[in-house]
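Note that the structure is a prediction, hence the values are computed from the model and not measured.
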There are 2 protein chains.
Amino acid sequence: MASDSTDLRVLKTRAAIQSHFLDLLLQKNFNEITVKDIASAAKIGRGTFYLHYEDKYDLLETVMEEGLAETVDKFRPHEYFVDDKVIPERVVGFALTIFQHFKKHDRFFRAMLFNEGIPMFRHRMQSLFLTKFRTEIQPLQVPSEKADPLILEILPIFISSAMIGLVSWWFENQMRISEREMAEKLFLIMTRGPLRALGLGFPDERK
Amino acid sequence: MASDSTDLRVLKTRAAIQSHFLDLLLQKNFNEITVKDIASAAKIGRGTFYLHYEDKYDLLETVMEEGLAETVDKFRPHEYFVDDKVIPERVVGFALTIFQHFKKHDRFFRAMLFNEGIPMFRHRMQSLFLTKFRTEIQPLQVPSEKADPLILEILPIFISSAMIGLVSWWFENQMRISEREMAEKLFLIMTRGPLRALGLGFPDERK
DNA sequence: ATAATTAATGAACACAGTGTTCAATAGCAT
DNA sequence: ATGCTATTGAACACTGTGTTCATTAATTAT
């Protein structure tokens, strides 16, 4: 199982397996996909499959991690805050990059996000987002007395979860909203706050 | 498969199956659990299992839906807004109810949320939260020109996803934070907005 | 308490999928 | 052209599934 072969046969077989595997994932539940299914879709012998992957879980993980690794690249650090002031263009810019990346890798994310039977994917993706927001938010060490340590801990969770949900919804709706619009609304919610973004008021403040 | 039997034998077997099934879920991946495992854990014949459930997926669904049905009950409508003004105590009160409910049904939620291999659960739960927030937010029809229809659509998604993530995190951390504290921080983020809750400022506003 | 009813048992069955082996064949690299 | 190695396909033992059936046991109704 030399995972770095350059043999054309190997490359062909692997590409065939992975591509038809994605097809199958778009058609039916991962649990219901058998190695036999994959092999016959890729037009290879069933035994050949085992020459490349331990089992279908191994294949899933490989495909998944490769796709996620590429996604992580979009997560390069930016300077979103300067002197504890948010720079709107940069925040919107980052959100934009994310939405564009998802759109570009449509097939992959569709297969992974919406196949009931792939439990780990959202988890893995969320933990990627989480890491991103943690390294972004934690070191802020907001100077003022306002910075509540618990909020500092909760916030990355809150934001990363919300992001996953938002992206999934966007996908489910055939991405009919433009990336830019999504990024802008997201920024609005993030800065004004969910409730205020709606135009709601609070009793304890002057109009 | 009379699902409303009162026969003691039936009740006992079902209780045994469901309880040991939860145990197993807390121990290992749903995919790796066999009907044989469940039967022998519950100390019944394997055939008996099939007298009550079609297969392990049927069992999972039954257990899941029963637990979720109970959760939904906590979702009774409250009047969170009066004249587009948020009533803080009520919002915090609702959040509190949720966290308390989760704590009470510890075993169930642990098994369901953290078993890699139960894909549907978070989905189902999220759609429950989503329905809740939709029926809560959509009819608001905020009068002012501020109410952006897209925000109105996005917001329930955003909030429900964030809630699921938050609750899961809370569980993962053995619920070391009190329900009240969680509810209060949540309220803070919701009203002030994620970024402002941290104490961050924006360039386009006076200090 | 007894009879009638219904659930549980356990062994057997055919079936589908898994993961491995092996000799034969085909394709690639040099 | 030759040596290397990937693929093939058939066979194998194995594990789990879902069903059946006669037997036994527990529960309910009278």
Side-chain angles (χ1 to χ4, degrees), chain A residues 1-25 27-64 66 115-120, chain B residues 1-25 27-64 66 115-120:
Chain A
M1 206 188 297
S3 58
D4 56 338
S5 175
T6 57
D7 192 316
L8 281 188
R9 290 168 297 179
V10 173
L11 299 180
K12 263 185 211 165
T13 319
R14 290 212 182 131
I17 290 179
Q18 298 204 6
S19 169
H20 287 97
F21 177 53
L22 267 197
D23 280 347
L24 286 172
L25 281 178
Q27 287 165 30
K28 57 175 172 175
N29 196 309
F30 175 73
N31 298 318
E32 294 163 355
I33 298 174
T34 68
V35 173
K36 202 179 165 184
D37 289 338
I38 301 169
S40 66
K43 285 174 274 301
I44 58 162
R46 196 168 60 85
T48 309
F49 177 91
Y50 292 104
L51 254 32
H52 298 277
Y53 305 97
E54 277 186 24
D55 47 33
K56 65 173 185 166
Y57 299 95
D58 183 33
L59 169 60
L60 173 63
E61 207 186 309
T62 304
V63 172
M64 206 166 104
E66 274 173 17
N115 190 296
E116 295 218 335
I118 306 191
M120 325 74 134
Chain B
M1 204 188 298
S3 58
D4 54 339
S5 174
T6 57
D7 192 316
L8 282 187
R9 289 168 298 181
V10 173
L11 299 180
K12 263 185 212 166
T13 346
R14 291 210 181 133
I17 290 179
Q18 298 205 6
S19 168
H20 287 96
F21 177 52
L22 268 196
D23 279 347
L24 286 172
L25 281 178
Q27 287 165 29
K28 58 175 171 176
N29 197 308
F30 174 73
N31 299 318
E32 293 165 353
I33 298 176
T34 69
V35 173
K36 202 179 165 186
D37 288 339
I38 301 170
S40 66
K43 283 173 279 296
I44 57 162
R46 195 169 61 88
T48 308
F49 176 92
Y50 292 103
L51 255 32
H52 298 277
Y53 305 97
E54 277 184 25
D55 48 33
K56 66 173 185 167
Y57 298 94
D58 183 34
L59 169 61
L60 174 63
E61 207 184 309
T62 304
V63 172
M64 207 167 103
E66 275 174 19
N115 190 296
E116 295 217 334
I118 307 192
M120 328 72 137

On DNA chain D, nearest-nucleotide positions of B/L8 versus B/G47: which is more 5'? B/G47

B/T13 side-chain N/O to C/dA8 phosphate OP1/OP2 under 4.0 Å: yes

At 4.0 Å (heavy atoms only), tell me whether B/T34 reaches a base, stays on the sugar-phosphate, or touches nothing. sugar-phosphate

Classify the side chain of B/R46 versus the base of D/dG18 as yes if they form a donor-acceptor pair under 3.5 Å and no if they do not. yes

Note: A/A39 and A/R46 closest approach over all heavy atoms is CB-CA, 3.8 Å

Could you tell me how far apart A/R14 (CZ) and D/dT7 (C1') are, to the nearest whole angstrom? 13 Å

Between A/D7 and B/I33, which is nearer to the 5' end of DNA chain D once each is assigned its nearest nucleotide? A/D7

Closest approach of A/L24 to A/A41 (non-hydrogen atoms, all atoms of both residues): CD1-CB, 4.4 Å

Mind checking whether A/Q18 and A/Y53 have side chains closer than 4.5 Å, heavy atoms only? yes

Among C/dA8, D/dT7, D/dT17, find the nucleotide with the atom closest to the side chain of A/T48. D/dT7

Across the strands shown, which category fits A/K56 at heavy-atom distances under 4.0 angstrom: base, sugar-phosphate, nothing? nothing

Just checking A/G45: base, sugar-phosphate only, or nothing, at a heavy-atom cut-off of under 4.0 Å? sugar-phosphate

Residues A/N115 and A/F30: closest non-hydrogen pair is OD1-N, 2.9 Å

Look at the side chain of B/R9 and the base of C/dA8, then say whether one donor and one acceptor between them are separated by less than 3.5 Å. no

B/K12 side chain near D/dT27 phosphate (N/O to OP1/OP2, under 4.0 Å): yes

Between D/dG18 atom C1' and B/D58 atom CG, what is the distance in whole Å? 13 Å

A/H52 side-chain N/O to D/dA6 phosphate OP1/OP2 under 4.0 Å: no

Whole angstrom value for the distance that separates C1' of C/dG19 from OH of A/Y57: 14 Å

Here the distance between atom C1' of D/dA6 and atom CD1 of A/I17, to the nearest Å, is 12 Å

Without decimals, in angstroms, what is the distance between B/L51 CG and D/dT19 P? 11 Å

May I have the distance from B/D55 (atom CG) to C/dA16 (atom P), rounded to whole angstrom? 17 Å

Less than 4.5 Å apart, any side-chain heavy atom of B/V10 and any of B/H52? yes

Between P on C/dG17 and CZ on A/F49, what's the gap in Å once rounded to a whole number? 15 Å

So, with a heavy-atom separation below 4.0 Å from DNA chain C, the residues of residues 35-44 of chain A are A/V35, A/K36

Quick one: closest heavy-atom pair of A/E32 and A/D37, and the distance? O-OD2, 3.6 Å

Respond yes when some side-chain nitrogen or oxygen of A/Y50 is under 4.0 Å from OP1 or OP2 of C/dG19, and no when none is. yes

Donor-acceptor pair, side chain of A/K12 and main chain of A/D7, under 3.5 angstrom: no

Atom-to-atom span, CG of A/N31 to P of D/dT17 - whole angstrom: 13 Å

If we only count heavy atoms from C-beta on, is the A/I118 to A/L25 side-chain gap below 4.5 Å? yes

